[in-house]
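Please read the structure below before turning to the comments.
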Amino acid sequence: MTPISAAEAARHILEHVELQPALRVHLDDALRRVLARDVVSPLDIPPHSNSAMDGYAVRREDVAGATPSNPVTLEIVEQLPAGRFPTKAITKGNCARIFTGSPVPDGADTVIRQEDTDMGDPVVAVTDDRDAGRNIRHAGEDIRQGDTVLTAGTQLTAAHLGVLASMAVGNPLIYRAPRVGILGSGDEIAGIDQPEEILSGRKIASSNSHTLRALVHEAGGEPVDLGIAADTPESLQQHFERGADCDILVTSAGISVGEHDYVRQVLQTMGGSIDFWRLRMRPGAPVGFGHVGETPWIGLPGNPVSAMVTFELFVRPALRKMTGHALPFRQSVPVTAVEPVRITSGLQHFLRAIVTTDSDGTREARLTGPQGSGILTSMIQANALLIVPEGHEEVPAGTALRAILFEDPGCQEEPAFE
């Protein structure tokens, strides 16, 4: 099978994964989920004009010109603690004692803060008119009844949850998180529940199981651990079958041309399809995509860095599409290489890099160090992937390139690594 480019692979994967069904969840479980339907407000917010201060609800014309040496005295006709609705209108010469959040009585257009009075009772003296016409939150000044407040496709933040709560939306309709089956393979690896095997050097820790699980969480999926299969077709098939109720399957290792790489063979034995399994990129040339029955499968390399890089480029966008995001791909930004970059082939490279921003806004990129696909600590240091296009084996210092920033919230519809 002829290798294809990373961008071709990313587009193909997105064309063959489906949006998840919508369901209602409790508001407190909706953080970072994506709305499946517009939310229209059933009420004005605030629902009634209310006080922004502890003080006195008055008519502005009654307090005009008030000063400490020339105070205005008003009769208090009602006390309005928070939660109590007024029963009397404010007319000439009177006022209501009011507290923050309390509904403003008819006739009042001003709340004088209590610091500008003598706080007398039953008559209060106003000593400053600086609040005339102020300190009232008017009905509907935030949201009007019938407004479309949030649109489908919005990823919910803490602020969104607060707005939904203010409209009594206790169970928003969101796209279901896809169940992502994560399967590792290899006789040489062990889970962290076997520390003696790892610490003795007899086995290698299955770090991919944990990094992929965390990455799935971050991308909005629900990770399902399918375990670590032995390097036999029988074991691989048994582990694949554990993922029968998953929405997408992600494997690490076992899809290249090694003597014990059985993943592709097992997929075909199970009636699956393989659309591609080799890419023109480093790290991560052995990346595969296909289906097991109706379930999409993405095969990642076994090397820890390669697995994380290819997850970022292919699995994360797929999960974003499945959870309702219209813009699945991270953006890339222009950077300048501050050191020469030498690579061993003319393939497209995604190198772990540290991008810094100068005072004038320009960005510079330097590599984290050695770029071996097993140097997992480089992913801790990196804040970006530096993209070196195909056909370049040496990039001089000062070359203009592009980089994908891990923490950049910007996203786009098409892959940034064309």
Side-chain angles (χ1 to χ4, degrees), residues 1-17 180-186 188-189 208 211-212 215 229 231 233 236-237 239-240 248-292 295-319 321 328-329 343-352 371-375 385-393 404 414-418:
M1 185 175 289
T2 302
I4 63 174
S5 72
E8 289 175 303
R11 289 195 185 94
H12 183 88
I13 291 171
L14 259 66
E15 289 171 0
H16 291 84
V17 295
V180 184
I182 300 171
L183 171 58
S185 64
E188 76 282 8
I189 61 176
N208 286 347
T211 54
L212 293 178
L215 289 168
D231 279 330
L236 273 168
Q237 181 164 341
H239 282 74
F240 264 118
I248 187 170
L249 300 172
V250 177
T251 61
S252 61
I255 65 167
S256 192
V257 294
E259 186 176 343
H260 300 289
D261 290 337
Y262 293 117
V263 170
R264 289 182 289 123
Q265 173 188 324
V266 169
L267 284 174
Q268 292 170 327
T269 299
M270 296 175 67
S273 62
I274 299 174
D275 297 356
F276 61 81
W277 62 274
R278 288 192 298 170
L279 304 184
R280 300 195 307 271
M281 63 172 284
R282 291 285 189 279
V287 171
F289 178 76
H291 287 80
V292 184
T295 306
W297 158 76
I298 302 178
L300 306 181
N303 287 321
V305 169
S306 301
M308 291 190 72
V309 170
T310 52
F311 183 100
E312 172 65 33
L313 300 182
F314 307 114
V315 184
R316 182 178 184 272
L319 296 183
K321 178 183 176 181
F329 294 100
I343 51 183
T344 58
S345 71
L347 301 177
Q348 186 178 33
H349 277 65
F350 297 87
L351 305 175
R352 284 87 74 198
Q371 295 289 300
S373 57
I375 304 175
L385 293 176
L386 182 65
I387 305 170
V388 179
E390 287 189 65
H392 294 73
E393 295 191 7
I404 300 171
E414 291 292 315
F417 38 91
E418 190 66 64

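Note that the structure is a prediction, hence the values are computed from the model and not measured.
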Taking all heavy atoms of [X] and all of [Y], pick out the closest pair and write down the distance.
X	Y	value
G372	R352	O-NH2, 2.8 Å
P301	A307	O-CB, 3.6 Å
L279	P3	C-CB, 4.1 Å
G284	S306	N-OG, 3.9 Å

Measure the spacing between [atom1] of [X] and [atom2] of [Y] and express it to the nearest 0.5 Å.
X	Y	atom1	atom2	answer
T269	Y262	OG1	OH	11.5 Å
L215	M308	CG	CE	4.5 Å
H349	I387	NE2	CD1	13.0 Å
F276	T2	CZ	OG1	13.5 Å
K321	F329	NZ	CZ	9.5 Å
R282	I343	CZ	CD1	10.0 Å

Practice prompt. Dump the intermediate steps for side chain to side chain contact (heavy atoms under 4.5 Å, CB included) on N208 and L300, then the final yes or no.
Written response: CA-CA 10 Å; N208 286 347; L300 306 181; over 6 Å; no

Please tell me if the side chains of [X] and [Y] come closer than 4.5 Å, counting only heavy atoms from C-beta onward.
X	Y	value
P296	H16	no
F240	W297	yes
M281	T310	yes
L212	S252	yes
S185	T251	no
V263	W277	no

Fill in: Option among V315, I298, I13 that satisfies the side-chain contact (heavy atoms from CB on, under 4.5 Å) test with I248
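In the set V315, I298, I13, the residue that makes a side-chain contact (heavy atoms from CB on, under 4.5 Å) with I248 is I298.
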
Using a 3.5 Å distance criterion without hydrogens, assess whether the side chain of [X] forms a donor-acceptor pair with backbone atoms of [Y].
X	Y	value
Q348	R280	no
E8	S5	yes
R264	I255	yes
H239	Q237	no

Discussion item. Apply side chain to side chain contact (heavy atoms under 4.5 Å, CB included) to residues L183 and L249 and explain how you reach the verdict.
Written reply: CA-CA 8 Å; L183 171 58; L249 300 172; over 6 Å; no

